[in-house]
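Heads up: the structure comes next, in structure tokens.
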Amino acid sequence: MAYTLGRSCNTFLGKYDEAYKKFFNSDGNPKVVSGFVKQTKIKIIKAIYAKLLSLPECSGIKFDFIDYLKSTDQDSYDGLWQIYFLKRSQSTDILNMRSLDVGVLNYNEGHVFEISDEKFIFHLTNFKPKNNVTGINLFSIQNKYMLVRGESIDGCGGYHGEMIIKNVRFRKLNKDIWV
């Protein structure tokens with residue numbers, strides 16, 4: 001069962017999806033995104049945070065960004081949980097298959113939650129990742145930024161590569177795909 005905020009909040013947060021659609025349709029192109037008004041950029045950020053809340057793996061986790069999401073006036077967040085993202089590429093998609101799996105990786109430092117779509121991979125973390133492991137901080141879309149692609153990530157695809165391996169091992173153990 002997915003973690004949700006209740007019908008009224010989920011409906012409210014759904015209004016951010018239109019802004020995310022603009023980001024998605026522009027392929028995250030920094031030149032296009034820089035032309036978005038400030039409020040659209042904030043809605044994009046909030047839409048992605050809201051999407052991550054829906055992961056079943058997030059159930060029971062205490063997030064400090066809930067008030068930020070609910071507030072129409074709050075345009076900044078400086079809490080513990082940060083989102084990093086990268087543009088999909090051949091290096092993130094084994095045999096050009098775009099894994100849309102979701103999941104969590106647990107480390108001594110904290111958690112990494114992953115969600116993706118056909119164009120982007122997003123990681124929600126409660127610790128500062130190693131340099132060049134997860135991509136670019138989502139809040140950077142409010143300023144000038146360079147889009148990070150999968151081939152720019154160190155070590156076998158970074159967290160996404162680990163997530164793919166973990167999910168394949170889990171399926172193999174549960175014989176979901178290995179008949």
Crowding at CG, Asn106 (>12 non-hydrogen neighbours, <6.0 Å): yes
Counting only heavy atoms not in Asn29, do more than 12 sit closer than 6.0 Å to its CG atom? yes
Once you round to the nearest 0.5 Å, how far does [atom1] of [X] lie from [atom2] of [Y]?
{"X": "Lys87", "Y": "Ile121", "atom1": "NZ", "atom2": "CD1", "result": "10.0 Å"}
{"X": "Ser116", "Y": "His123", "atom1": "OG", "atom2": "NE2", "result": "8.0 Å"}
{"X": "Glu109", "Y": "Lys128", "atom1": "CD", "atom2": "NZ", "result": "12.5 Å"}
{"X": "Tyr68", "Y": "Asp75", "atom1": "OH", "atom2": "CG", "result": "7.5 Å"}
{"X": "Lys31", "Y": "Lys144", "atom1": "NZ", "atom2": "NZ", "result": "10.0 Å"}
{"X": "Ile44", "Y": "Lys21", "atom1": "CD1", "atom2": "NZ", "result": "13.5 Å"}

Would you please name every residue forming a salt bridge (charged side-chain N to carboxylate O under 4.0 Å, His left out) with Asp27, sequence neighbours left out? Lys119
Could you work out, with salt bridge (charged side-chain N to carboxylate O under 4.0 Å, His left out) as the rule, every residue matching Asp64, not counting sequence neighbours? none
Might you point out which heavy atoms bring [X] and [Y] nearest each other, and give the distance in Å?
{"X": "Tyr145", "Y": "Pro30", "value": "O-CB, 3.3 Å"}
{"X": "Ser34", "Y": "Lys41", "value": "O-NZ, 3.6 Å"}
{"X": "Val148", "Y": "Gly135", "value": "CG1-CA, 4.0 Å"}
{"X": "Ile45", "Y": "Gln142", "value": "CD1-NE2, 3.4 Å"}
{"X": "Lys43", "Y": "Ala19", "value": "CB-CB, 3.5 Å"}

Do any N or O atoms from the side chain of [X] and from the backbone of [Y] form a donor-acceptor pair under 3.5 angstrom?
{"X": "Asn126", "Y": "His111", "answer": "yes"}
{"X": "Gln82", "Y": "Gly79", "answer": "yes"}
{"X": "Lys46", "Y": "Ser71", "answer": "yes"}
{"X": "Tyr84", "Y": "Thr125", "answer": "no"}

Flag side-chain contact, heavy atom, 4.5 Å: [X] against [Y]:
{"X": "Phe85", "Y": "Ile141", "result": "yes"}
{"X": "Phe127", "Y": "Val112", "result": "yes"}
{"X": "Asp17", "Y": "Lys51", "result": "yes"}

Decide side chain to side chain contact (heavy atoms under 4.5 Å, CB included) for Ile61 and Phe63; before the verdict, give the C-alpha distance in whole Å, the side-chain angles of both, and the deciding distance to 0.1 Å. CA-CA 6 Å; Ile61 303 290; Phe63 294 111; 3.6 Å; yes
Take Leu53 and Leu69 through the test side chain to side chain contact (heavy atoms under 4.5 Å, CB included) and record every step on the way to the result. CA-CA 11 Å; Leu53 280 178; Leu69 293 181; 3.6 Å; yes
Starting from the C-alpha separation in whole Å, work towards a yes-or-no answer on ring pair (Phe, Tyr, Trp, His ring centres under 6.0 Å) for Tyr107 and Tyr159. CA-CA 11 Å; Tyr107 298 96; Tyr159 293 131; 5.7 Å; yes
Is the closest basic N to carboxylate O distance between Asp117 and Arg88 below 4.0 Å? no
ring-ring contact (aromatic ring centres under 6.0 Å, His included) partners of residues 34-60, not counting sequence neighbours, each pair once: Tyr49-Phe65, Tyr49-Tyr77
